[in-house]
Amino acid sequence: MVGTAMPGLRPIAALPDLLVNQIAAGEVIERPAAVLKELLENAIDAGASAIEVRLEGGGVRRIAVTDDGHGIPHDQLDLALQRHATSKITSLEQLESVASMGFRGEALASIAAVADVTLTTRTADAAHAWQIQQRGRHAAAAAPASGPTGTTVDVRQLFDDVPARRKFLKTENTEYSHCLTTFERIGMAHPHLAFRLYHHNRLQRQWLPGTMAERIAAVLGDEFLAECLPVESDNGAIALRGVLARPTASRARADRQFLYVNGRFVRDRTVSHALRAAYADVLHGDRQPAYVMFLDLSPTAVDVNVHPAKHEVRFRDGGAVHRFVSQAARAALAVPAATPGAGSAVPSLTRDGPAAAASGATPPTDLPLSPAAGGDRAGLAATARGSHPATAWRSSGSPPTQAQIHRQLNFYAPLPDTNRAEPSDAPAWPPSSVQEDPAAATSVATPSATPSGDNEPLDTYRLGVAIGQLHGIYIVAQNTQGLVLVDMHAAHERIVYEQLKTRWDARDIPRQPLLVAVTLAVHERDVALVETHRDALDGLGFDIGIIGPAQLAVRAVPALLARADLETLTRELLRDLHSVGISHLIEESRNHLLSTLACHGAVRANRQLTLAEMNALLRQMEATERADQCNHGRPTWIQLPLGELDRLFLRGR
């Protein structure tokens with residue numbers, strides 16, 4: 001009968017407000033770290049300049065967040081704990097261009113549904129503070145209280161009345177570690193704010209306002225910063241800034257990948273794929289890159305209303321974002337080895353742009369600055385404390401003066417220096433006798449003469465001048481910073497590889513027609529992709545025809561990939577097109593093949609080189625992109641500073 005409920009089913013009824021809030025809390029409040037995230041974002045939106053966090057029991061027993069923001073007016077205090085009550089947006093148009101961290105108006109109501117909440121606030125023009133308390137559906141009226149300008153939200157006994165949720169919480173140490181991770185993620189995105197964190201009344205973290213580089217170092221350590229390259233790219237509509245770890249500093253886990261979109265920490269496949277693609281030919285095996293990236297674009301170009309926890313975003317034009325991020329990251333990683341200032345210092349990375357370099361020195365005119373520098377990086381020479389090239393990304397002190405360097409070098413002045421070749425007259429590397437076939441790259445011409453080089457100053461070239469060869473494997477050179485060791489096979493491998501890529505890119509991709517077309521059944525959307533990207537596929541060397549509503553025929557492929565598994569290759573190509581709107585599959589496959597050719601074509605170990613040939617290799621490294629590491633992500637050279645050598649020999653003690 002119409003209107004009667006079926007046996008075993010209850011009639012439709014509206015849910016109580018408390019249950020609605022608890023359901024909403026299940027989407028937003030997963031653990032104490034989620035509570036902390038919401039409260040920190042509210043404090044930032046309130047215009048705070050300093051934020052203090054106090055935790056007890058890993059955040060389960062207590063989370064208190066205090067800020068010095070503008071506070072909440074007394075007459076609006078009751079609304080603060082109600083669902084969908086917010087000061088962030090008032091219309092659909094504002095929702096489509098959200099610039100604040102929060103906007104749903106659900107956080108405080110959801111937290112109050114599963115914990116005891118005490119909110120104390122005071123505006124700048126109020127005579128005193130006001131306080132309101134709520135537990136579930138029971139809320140006390142606002143009452144006068146004492147307190148400075150700003151707001152304190154004190155959350156206690158999380159999930160006490162929701163045992164089903166409480167039993168899924170982990171140990172106190174685990175929950176505290178999640179809270180600390182959340183605190184660090186948000187703190188790193190706002191270096192202009194002061195942060196302080198207490199656990200059981202013990203100070204655990206304290207960061208003063210500063211530059212982005214200082215905040216990254218405070219959170220992740222100076223060692224992380226020393227192994228990073230700066231990224232600064234802005235085309236007006238979109239900007240990318242931050243740091244990328246060198247391939248040699250890659251990690252086994254993706255635990256140091258921080259991506260922020262308009263100041264909000266997110267996980268996004270489009271940008272992550274773009275950054276991974278930038279490392280395609282410099283990362284070894286399954287290693288993971290490390291980075292801290294800040295992507296800024298118009299709020300209307302990105303949708304943050306995708307996930308209740310706001311961990312995901314959706315770009316209006318994902319393909320354009322992918323291309324921009326990938327190109328900016330590739331430019332940063334492509335800095336030629338020993339470019340003045342390359343990776344040796346970072347811009348301040350404030351929201352107003354990079355600060356000017358502290359040094360006013362002028363770089364050598366014969367060595368171009370990196371196109372990815374994004375500003376004047378002159379005089380930022382490596383004064384690093386590590387063993388990797390250009391590790392003085394953020395030096396703890398001032399770089400040595402020329403007078404100090406000469407005083408150090410004077411100790412060695414009596415020693416003969418008759419074997420050093422003048423790099424300016426060294427032959428090009430690889431020599432002209434090397435054939436187009438990369439396998440012939442081991443054929444190195446011997447120069448007709450070896451210049452003395454006695455008048456060549458050490459600071460002419462970043463990698464210095466060669467003084468010998470060690471065990472037929474390493475080139476030993478000296479520069480103003482100290483000693484340079486070069487793995488000649490790894491360095492030459494990168495040089496040959498980059499030359500092969502340049503020659504490949506200079507001509508059209510050759511196509512290999514298939515004697516028998518490869519047919520495959522696909523989804524209807526893949527057929528539409530092929531139709532949409534027909535011109536792009538043709539430019540990549542593919543001839544893919546549509547032979548049915550859900551069938552494709554591969555009739556031609558790029559010649560270098562003719563021996564690959566063509567069905568798998570085509571499906572991965574379509575998957576790339578579907579996910580990011582552009583495919584790097586061909587480029588990655590090309591890079592793998594050319595890397596193999598370069599490895600076989602590079603000069604082998606135990607090959608005796610003349611000083612002129614060694615210097616020619618050093619000069620070519622300085623002009624080659626990504627020459628700091630070989631094709632497999634291993635370093636090609638290291639710098640041993642004079643100070644390090646002095647410590648080894650206990651000089652000055």
With rounding to the nearest 0.5 angstrom, report the [atom1] to [atom2] distance, [X] to [Y].
X: L618; Y: N479; atom1: CG; atom2: CG; value: 10.0 Å
X: D526; Y: L574; atom1: CG; atom2: CG; value: 5.0 Å
X: M293; Y: R241; atom1: CE; atom2: CZ; value: 10.0 Å

Mind checking side chain to side chain donor-acceptor pair (under 3.5 Å) for [X] and listing every partner two or more places apart, or none if nothing turns up?
X: R256; value: none
X: E567; value: R571
X: D565; value: T568
X: S298; value: T300

Side chains of [X] and [Y]: closer than 4.5 Å at any heavy-atom pair?
X: Y461; Y: N615; result: no
X: I475; Y: V484; result: no
X: I186; Y: I44; result: yes
X: Y474; Y: I638; result: no

- Test side-chain contact (heavy atoms from CB on, under 4.5 Å), reference V292, set L220, L259, V219, output is L220
- Does the pair F258 and I216 meet the rule for a side-chain contact (heavy atoms from CB on, under 4.5 Å), with working shown? CA-CA 11 Å; F258 298 87; I216 293 174; over 6 Å; no
- Task: Using the side chain to side chain donor-acceptor pair (under 3.5 Å) rule, collect all pairs that involve residues 537-552, keeping only residues at least two apart or in two chains.
- Result: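 Sorted pair list: R511-D538.
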Least distance between heavy atoms, [X] atom then [Y] atom:
X: C228; Y: V243; result: CB-CB, 3.8 Å
X: E622; Y: R462; result: OE2-N, 3.3 Å
X: L244; Y: A332; result: CD1-CB, 4.1 Å

Whether [X] side chain and [Y] backbone form a donor-acceptor pair below 3.5 Å:
X: R330; Y: A277; value: yes
X: S326; Y: R323; value: no
X: T636; Y: A627; value: yes

- Query: Given the rule in the side-chain contact (heavy atoms from CB on, under 4.5 Å) test, do I546 and L552 qualify, once you have shown the distances and angles that lead to the verdict?
  - Reply: CA-CA 5 Å; I546 301 172; L552 299 174; 3.9 Å; yes
Residues in salt bridge (charged side-chain N to carboxylate O under 4.0 Å, His left out) with [X], at least two apart?
X: E498; answer: R494, K501, R626
X: R267; answer: none
X: R251; answer: D255
X: E531; answer: R534

- Side chains of D628 and W637, donor plus acceptor under 3.5 Å: yes
- Neighbour count >12 (heavy atoms, 6.0 Å) for atom CZ, F224: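 Enclosed.
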- Is atom CZ of R253 surrounded by more than 12 heavy atoms (other residues, nucleotides or ligands) closer than 6.0 Å?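 12 or below, so no.
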- Query: Who are the side chain to side chain contact (heavy atoms under 4.5 Å, CB included) partners of N235, not counting sequence neighbours?
  - Reply: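 If we apply the side chain to side chain contact (heavy atoms under 4.5 Å, CB included) test to N235, skipping adjacent residues, the hits are A237, I238, F324.
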- With sequence neighbours excluded, tell me which residues meet side chain to side chain contact (heavy atoms under 4.5 Å, CB included) with A254. Q257, Q288
- In chain order, what residues pass the ring-ring contact (aromatic ring centres under 6.0 Å, His included) check against Y260, with sequence neighbours excluded? F265, F294
- Task: Begin with the C-alpha distance, continue with both residues' side-chain angles, and end with the deciding distance and a verdict on side-chain contact (heavy atoms from CB on, under 4.5 Å) for D296 and D234.
- Result: CA-CA 9 Å; D296 295 314; D234 188 347; over 6 Å; no
